[in-house]
Engineer: 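Mind looking over this structure? Questions follow.
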Amino acid sequence: MKKSIFKTICSLTMAAAMVLTATACSSQTTTTEEATDTATQQESQTTTQTEQFKIGILQLTEHEALDKARNGFIDALAEGGYVDGEKIVIDFQNAQGDQSNLKTMSQKFVNDGDDLVLAIATPAAQSIAAETQDIPILATAITNYPEAGLVESNEAPGVNLSGTSDRTPVEEQLKLLKQILPEVQTVGILYNSSEANSEIQAQEAIAACDTLGLSYKEGTVTNVNDIQQVVQSIVSDVDALYIPTDNTFASAMPLVASITDIEKIPVICGEIGMVKGGGLATIGIDYYKLGQQTGEMAIRVLEGEDVSTMPIEFPDTIDICINLDTAEKIGVTIPQEVIDSAVTIIENGTETTAADTANQ
């Protein structure tokens, strides 16, 4: 009887132990599975948080127009939710006007596996386009994409590149010159003959001179070191100068102005930044807005749109800008109707816009 009771107690004890062991194993398994799930979720969240688009920005050189285009591009991305350091990482490279730098920097973007490249100015776009047919490229501050050999057509690029054009109304700019100075007869047309966009605009300026009954004289440079000599050699033969949206001259406008101010020669420029640098006037585009327009295109590309089917876009508006400080230095009186129509006026070293005036 005692043996039977003892055996029964042992059986019950062993059964209880087995239940406890099974429960413990079950609890341990559940805990391990939960830990694995949590780790997987954390890893997934970390991957999502660190997944960023790499965007390269290749800029030919630094001057106000190109800098504004870059800033407008970055700001438009941020406004669309693509903030540098968060959803995107921007690698900005400035070639300082050197073609060999453009090539090296273009190859860097390709080797880094960038998701998108912004090219600012024609030589920058030509450089990166020569290095990749796969990475989407957007460009800005380019006058004529097809003639620069960048796309098949403005309507259907047909390659991994699209963007915005800074094509300016050359004939309207020369009409503005005649409105300010009706007595002008001969215009000096200055440009870098190695810049495709500048040569295109120079030819348009020659055609406009013919239409407006103006004589012209060309002055060309190949780099910034030629500017002083070329400007000095031409000012005695002309009544005014016309300089298109030329990157070489734009980067050296204070130098140009130091000569033309002394010689009392008005300069009509291709863009607003050059007027701020000492030119007299322009009807031009806002490069910051142009950069914003390009940034909006970039968002579409990052979200899956095929860049090869995106038409080249053009500025929506052009504005008159005049420099009254320059007018005073060279002894020119700008007609009141031109002043009244100007969106941007530089006077006493201060830039005033129509919006500023309206808010006063």
Side-chain angles (χ1 to χ4, degrees), residues 54-74 89-114 116-133 135-145 147-151 160-161 163-166 190-202 219-231 243-258 269-271 273-274 277-278 287 290-291 294:
K54 292 189 288 185
I55 299 179
I57 298 180
L58 182 61
Q59 185 168 318
L60 172 63
T61 189
E62 285 184 307
H63 62 72
E64 180 168 333
L66 302 190
D67 293 344
K68 279 193 168 185
R70 182 184 76 245
N71 292 336
F73 177 82
I74 294 171
V89 175
I90 293 175
D91 180 4
F92 169 56
Q93 299 287 325
N94 173 23
Q96 299 292 351
D98 188 305
Q99 193 66 41
S100 62
N101 287 343
L102 285 174
K103 183 175 180 64
T104 301
M105 293 167 180
S106 296
Q107 291 172 339
K108 177 184 186 299
F109 291 145
V110 175
N111 293 335
D112 289 347
D114 283 8
L116 175 72
V117 174
L118 170 70
I120 307 178
T122 303
Q126 291 170 328
S127 178
I128 185 64
E131 299 296 333
T132 179
Q133 287 75 52
I135 297 174
I137 301 167
L138 287 173
T140 190
I142 293 173
T143 301
N144 191 313
Y145 283 75
E147 290 192 30
L150 292 169
V151 299
N160 61 315
L161 186 148
T164 56
S165 170
D166 65 352
L190 301 181
Y191 63 100
N192 185 338
S193 58
S194 64
E195 285 192 33
N197 65 304
S198 301
E199 191 166 7
I200 291 167
Q201 292 174 88
T220 62
V221 303
T222 56
N223 58 64
V224 72
N225 296 324
D226 300 335
I227 289 178
Q228 183 170 352
Q229 180 181 350
V230 169
V231 175
I243 306 177
T245 54
D246 182 285
N247 292 297
T248 304
F249 274 96
S251 65
M253 271 307 296
L255 172 60
V256 174
S258 70
C269 307
E271 54 93 6
M274 297 169 74
Y287 275 83
L290 192 70
T294 318

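The shown structure was predicted, so the numbers you read here are calculated from the model rather than taken from an experiment. Counting from 1, the numbers follow the sequence of the chain as shown.
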Engineer: Can you check whether D112's main-chain N or O pairs, donor with acceptor, with K54's side chain at less than 3.5 Å?
Structural biologist: yes
Engineer: In a check of side-chain contact (heavy atoms from CB on, under 4.5 Å) between N247 and each of Q59, E195, E62, which one passes?
Structural biologist: E195
Engineer: Working to the nearest 0.5 Å, report the span between NZ of K108 and CD1 of I128.
Structural biologist: 11.0 Å
Engineer: Distance check, rounded to the nearest 0.5 Å: S127 atom OG versus L58 atom CG?
Structural biologist: 6.0 Å
Engineer: Between atom CG of N111 and atom CZ of F109, what is the distance when rounded to the nearest 0.5 Å?
Structural biologist: 11.5 Å
Engineer: Could you check whether any side-chain N or O of D114 sits under 3.5 Å from a backbone N or O of L116, counting only pairs where one atom can act as donor and the other as acceptor?
Structural biologist: no
Engineer: Side chains of T294 and T164 only: does a donor on one sit below 3.5 Å from an acceptor on the other?
Structural biologist: yes
Engineer: Where is the tightest heavy-atom contact between T140 and L118, given as atom of each residue plus distance?
Structural biologist: CG2-CD1, 4.3 Å
Engineer: List in chain and number order the residues that pass side chain to side chain donor-acceptor pair (under 3.5 Å) with T143, two or more places apart in sequence or in another chain; answer none if no residue qualifies.
Structural biologist: D166, Q201
Engineer: Hydrogens and angles aside, do Q93 and D91 bring a side-chain donor and acceptor to less than 3.5 Å of each other?
Structural biologist: yes
Engineer: Does N101 reach the main-chain N or O of A95 with its side chain, forming a donor-acceptor pair under 3.5 Å?
Structural biologist: yes
Engineer: Can you tell me how far apart CG (L150) and CG (L161) are? Round to the nearest 0.5 Å.
Structural biologist: 5.5 Å
Engineer: Hey, could you give me the CZ/CD1 distance between F92 and I55, rounded to the nearest 0.5 Å?
Structural biologist: 14.5 Å
Engineer: Are any side-chain N or O atoms of N160 and backbone N or O atoms of T132, one a donor and one an acceptor, separated by less than 3.5 Å?
Structural biologist: yes
